[in-house]
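Structure record follows, encoded as structure tokens.
For clarity, every value in this text was computed on a predicted model and none was experimentally measured.
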Amino acid sequence: MRYFIAGTDTDSGKTLVASSLLYLASKQGSTLGVKPIASGCEQTSEGLRNSDALALMAQSNVKLAYERVNPFAFKPAIAPHIAAKQVGVTLNADLVTAHLKTLPFDQVDFALVEGAGGWRLPLNHALRVQGKLNPQAFLSTVAIDLQLPVILVVGVKLGCLNHALLTQEAIQADGVKIAGWVANCVDPDMQVTDENLLALTALMDAPCLGVIPHLTECSSQNAAQYLDLTKLAPGQG
């Protein structure tokens with residue numbers, strides 16, 4: 001089964017949730033997590049490496065070369081379409097989709113494609129064509145073209161209700177199914193958290209896979225105890 005991990009915003013906790021789900025699924029079968037686009041990579045002796053991509057690789061029991069997990073890696077911790085332009089790299093939805101089609105998803109029991117930023121992440125500066133939004137300029141088109149059901153990570157902080165509802169509406173308007181959502185409590189000082197979680201439950205149209213409290217030890221194994229894979233709706237493939 002294949003899913004796309006989307007977040008309500010940058011730093012909502014997509015990688016924590018993705019790696020935790022892979023950790024759980026690895027107990028039952030083969031797993032693969034990839035992050036096709038990543039900014040904020042570090043230069044190493046082996047090339048650019050991204051901590052999020054490495055975290056997914058660590059919890060995947062199907063092992064691929066780093067370049068297949070994260071083919072578009074950029075050093076600056078900035079929006080990928082700006083980083084790509086700075087280094088002269090062409091980036092669009094078709095290129096990302098074509099790469100994902102080369103991966104052995106059909107041979108894996110549980111696979112995740114982690115996005116970057118929020119649902120409507122720009123990939124290049126050609127944002128409009130003849131006055132209309134250019135689908136090739138947004139990462140969401142990859143999930144649409146591959147018909148990957150979404151697992152939505154909601155970063156629980158001030159404003160999360162609006163972010164969650166707007167993201168859900170955008171995903172559904174694109175014709176993509178939301179297979180489940182996770183509340184990740186990113187703000188330790190968030191007030192009336194329980195009331196916000198009740199509101200989220202009422203607003204979301206998909207099953208809640210769990211609520212991850214603010215963790216002092218932010219590891220996949222620690223977060224996984226708060227998630228329930230059995231609530232996840234069937235994915236693609």
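Asp228 places a side-chain heavy atom less than 4.5 Å from the side chain of Lys231. The shortest side-chain heavy-atom distance between Leu112 and Val34 does not fall under the 4.5 Å cut-off. Side-chain contact between Asn196 and Cys160: present, with at least one pair of heavy atoms (C-beta onward) separated by less than 4.5 Å. Two residues are said to be in side-chain contact when any heavy atoms from C-beta on lie closer than 4.5 Å; Phe105 and Val113 meet this criterion.
Between the side chain of Asn61 and the backbone N or O of Gly29, at least one donor-acceptor pair lies under 3.5 Å. Of the possible polar contacts, one joining the Lys63 side chain to the Met57 backbone as a donor-acceptor pair under 3.5 Å is found. Using a distance-only test at 3.5 Å, with no hydrogens or angles considered, a donor-acceptor pair links the side chain of Trp181 to the main chain of Ala206. The closest donor-acceptor contact from the side chain of Lys35 to the backbone of Leu56 lies at 3.5 Å or more, if one exists at all. Side chain of Glu46 to main chain of Tyr66: no donor-acceptor pair is present (N/O by atom type, distance under 3.5 Å, no hydrogens or angles). Remark: the backbone N or O of Val154 is not paired with any side-chain donor or acceptor of Ser12 at under 3.5 angstrom. With hydrogens and angles ignored, the 3.5 Å screen pairs a side-chain donor or acceptor of Arg68 with a backbone N or O of Thr102. A donor-acceptor pair under 3.5 Å is absent between the side-chain atoms of Asn124 and the main chain of Ala137, judged by distance alone.
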>> Between Ser60 and Thr31, does the side-chain hydrogen bond (donor to acceptor under 3.5 Å, both in side chains) criterion hold? Intermediate values first, please.
In response: CA-CA 5 Å; Ser60 300; Thr31 58; 4.9 Å; no
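A salt bridge does not link Lys101 to Asp94: none of the charged side-chain nitrogens sits closer than 4.0 Å to a carboxylate oxygen. Lys14 has no carboxylate O lying under 4.0 Å from a charged side-chain N of Asp52, or vice versa, which leaves the two without a salt bridge.
With hydrogens and angles left out, the side-chain atoms of Asn222 and Gln225 include a donor and acceptor closer than 3.5 Å. Ser140 and Arg120 share a side-chain donor-acceptor pair at under 3.5 Å.
Connection of Val176 to Met204 is established within a shared hydrophobic cluster, with ILVMFWY side chains joined at heavy-atom distances below 4.5 Å, either directly or through further cluster members.
Between Phe4 and Gly115, the shortest heavy-atom distance links the atoms CZ-CA, 3.7 Å.
Separating the NE2 atom in His81 from the CZ atom in Phe138 is a distance of 9.0 Å, to the nearest 0.5 Å.
A perpendicular orientation is assigned to the rings of Phe72 and His99, their planes being inclined by more than 60° (bins at 30° and 60°).
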